[in-house]
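Below: one structure, written as structure tokens.
Nothing fancy with the numbering, it's 1 onward along the sequence. FYI, side chains are in, hydrogens and waters are out, and symmetry mates aren't considered; it's all heavy atoms of this structure.
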Amino acid sequence: QVQLVESGGGSVQAGGSLSLSCAASGITFSGYHMAWFRQSPGKEREGVAVIGTGGTTAYVGSVKGRFTISRDNARNTVYLEMNNLKPEDTATYYCAAKDRDADWYRGGSWGQGTQVNVSS
């Protein structure tokens, strides 16, 4: 069974930083695309950042320049470094994994999430 476990969430003031980690098991990590999503109560889940098997990255416009996604294949871990946090970044952050041609929501694997709270 695939297991993704997020950690690193917490509460910070606006302008602060947090580092999230996602440890994966049950997959050949280097062969999977990895991503971070986030969701607030009553809102749709939003893709935040993606990193491909070759290291290519992409970000939603609202976090570009502030967040950095990275991966360590030797440790089966994906990271999200979040800087200059804003109150609108408050959400539950989820780690996800998928094969190249799979769909994130239909064919991906998901963690349980870690809470990030940013106060003004």
Side-chain angles (χ1 to χ4, degrees):
Q1 290 288 332
V2 178
Q3 186 174 28
L4 303 175
V5 181
E6 302 96 336
S7 62
S11 298
V12 298
Q13 293 184 338
S17 300
L18 283 173
S19 298
L20 307 183
S21 298
C22 171
S25 61
I27 60 172
T28 303
F29 184 81
S30 61
Y32 279 74
H33 300 292
M34 302 297 297
W36 289 95
F37 290 72
R38 65 187 180 186
Q39 187 170 26
S40 298
K43 298 181 180 179
E44 295 182 357
R45 188 166 296 191
E46 173 189 42
V48 176
V50 178
I51 184 165
T53 56
T56 301
T57 60
Y59 302 87
V60 67
S62 59
V63 310
K64 192 172 184 179
R66 300 189 297 121
F67 292 10
T68 301
I69 187 171
S70 61
R71 65 192 297 161
D72 186 340
N73 289 343
R75 298 187 179 186
N76 290 353
T77 302
V78 63
Y79 306 93
L80 185 67
E81 299 291 330
M82 304 185 293
N83 299 308
N84 192 25
L85 284 161
K86 303 176 180 180
E88 51 263 45
D89 295 318
T90 295
T92 302
Y93 283 71
Y94 298 89
C95 177
K98 78 172 188 72
D99 182 78
R100 184 190 66 184
D101 295 323
D103 178 83
W104 288 109
Y105 294 100
R106 292 183 295 149
S109 299
W110 296 81
Q112 293 299 306
T114 185
Q115 183 66 37
V116 171
N117 294 304
V118 184
S119 59
S120 60

Residues Met82, Val48; criterion side chain to side chain contact (heavy atoms under 4.5 Å, CB included); working and verdict: CA-CA 11 Å; Met82 304 185 293; Val48 176; over 6 Å; no

Applying side chain to side chain donor-acceptor pair (under 3.5 Å), run through Gln115 and Asn117 and close with a yes or a no. CA-CA 7 Å; Gln115 183 66 37; Asn117 294 304; 3.1 Å; yes

Closest non-hydrogen atom pair between [X] and [Y], with its separation:
{"X": "Ala14", "Y": "Ser120", "result": "CB-CA, 4.3 Å"}
{"X": "Gly9", "Y": "Thr114", "result": "N-OG1, 3.2 Å"}
{"X": "Ser30", "Y": "Asn73", "result": "CB-ND2, 3.8 Å"}
{"X": "Leu4", "Y": "Ala24", "result": "CD2-CB, 3.4 Å"}
{"X": "Lys98", "Y": "Gly108", "result": "CB-CA, 4.2 Å"}
{"X": "Asn83", "Y": "Ser17", "result": "OD1-OG, 2.9 Å"}

Do [X] and [Y] belong to the same hydrophobic cluster, where Ile, Leu, Val, Met, Phe, Trp and Tyr are linked whenever their side-chain heavy atoms lie under 4.5 Å apart, directly or via other members?
{"X": "Phe29", "Y": "Leu20", "result": "yes"}
{"X": "Leu18", "Y": "Met34", "result": "yes"}
{"X": "Val2", "Y": "Val5", "result": "no"}
{"X": "Phe37", "Y": "Tyr32", "result": "no"}
{"X": "Tyr79", "Y": "Val63", "result": "no"}

Applying side chain to side chain contact (heavy atoms under 4.5 Å, CB included), run through Ile69 and Val50 and close with a yes or a no. CA-CA 7 Å; Ile69 187 171; Val50 178; 5.6 Å; no

Evaluate the criterion side chain to side chain contact (heavy atoms under 4.5 Å, CB included) for residue pair Arg100 and Thr53; output intermediate values, then yes/no. CA-CA 8 Å; Arg100 184 190 66 184; Thr53 56; over 6 Å; no

Pairs in or reaching into residues 6-119: which pass disulfide (SG to SG under 2.5 Å), with residues at least two apart or in two chains?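 Qualifying pairs, neighbours excluded: Cys22-Cys95.
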
Taking the six-membered ring for Trp, are Phe67 and Tyr93 parallel (under 30°), tilted (30 to 60°) or perpendicular (over 60°)?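 The arrangement is tilted - the two ring planes meet at 30° to 60°.
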
Does Arg45 make a cation-pi contact with Trp104, if we ask for NZ or CZ under 6.0 Å from the ring centre and within 45° of the axis?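 The answer is no; the distance or angle limit is not met.
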
Taking atom CD of Glu46 as the centre, does the number of heavy atoms from other residues, nucleotides or ligands within less than 6.0 Å exceed 12?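 Check passes, neighbour count above 12.
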
Counting only heavy atoms not in Glu88 (residues, nucleotides, ligands), do more than 12 fall under 6.0 Å from its CD?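 Yes, the 6.0 Å shell around CD holds more than 12 heavy atoms from other groups.
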
Counting distance only, does the side-chain N/O of [X] pair as donor-acceptor with the main-chain N or O of [Y] below 3.5 Å?
{"X": "Ser40", "Y": "Thr90", "answer": "yes"}
{"X": "Gln39", "Y": "Thr92", "answer": "no"}
{"X": "Arg71", "Y": "Gly52", "answer": "yes"}

Any luck finding a side-chain donor-acceptor pair between Ser119 and Gln13 under 3.5 Å?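 No, no side-chain donor-acceptor contact under 3.5 Å.
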
Candidate pair Trp36 and Tyr59, rule side chain to side chain contact (heavy atoms under 4.5 Å, CB included), full reasoning: CA-CA 10 Å; Trp36 289 95; Tyr59 302 87; over 6 Å; no

Roughly how far, to the nearest 0.5 Å, is the OG1 atom of Thr56 from the CD1 atom of Ile51?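 That separation rounds to 8.0 Å.
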
For the side-chain contact (heavy atoms from CB on, under 4.5 Å) test, which of Asp89, Leu85, Val116 pairs with Val12?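 Between Val12 and the candidates, side-chain contact (heavy atoms from CB on, under 4.5 Å) is satisfied uniquely by Leu85.
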
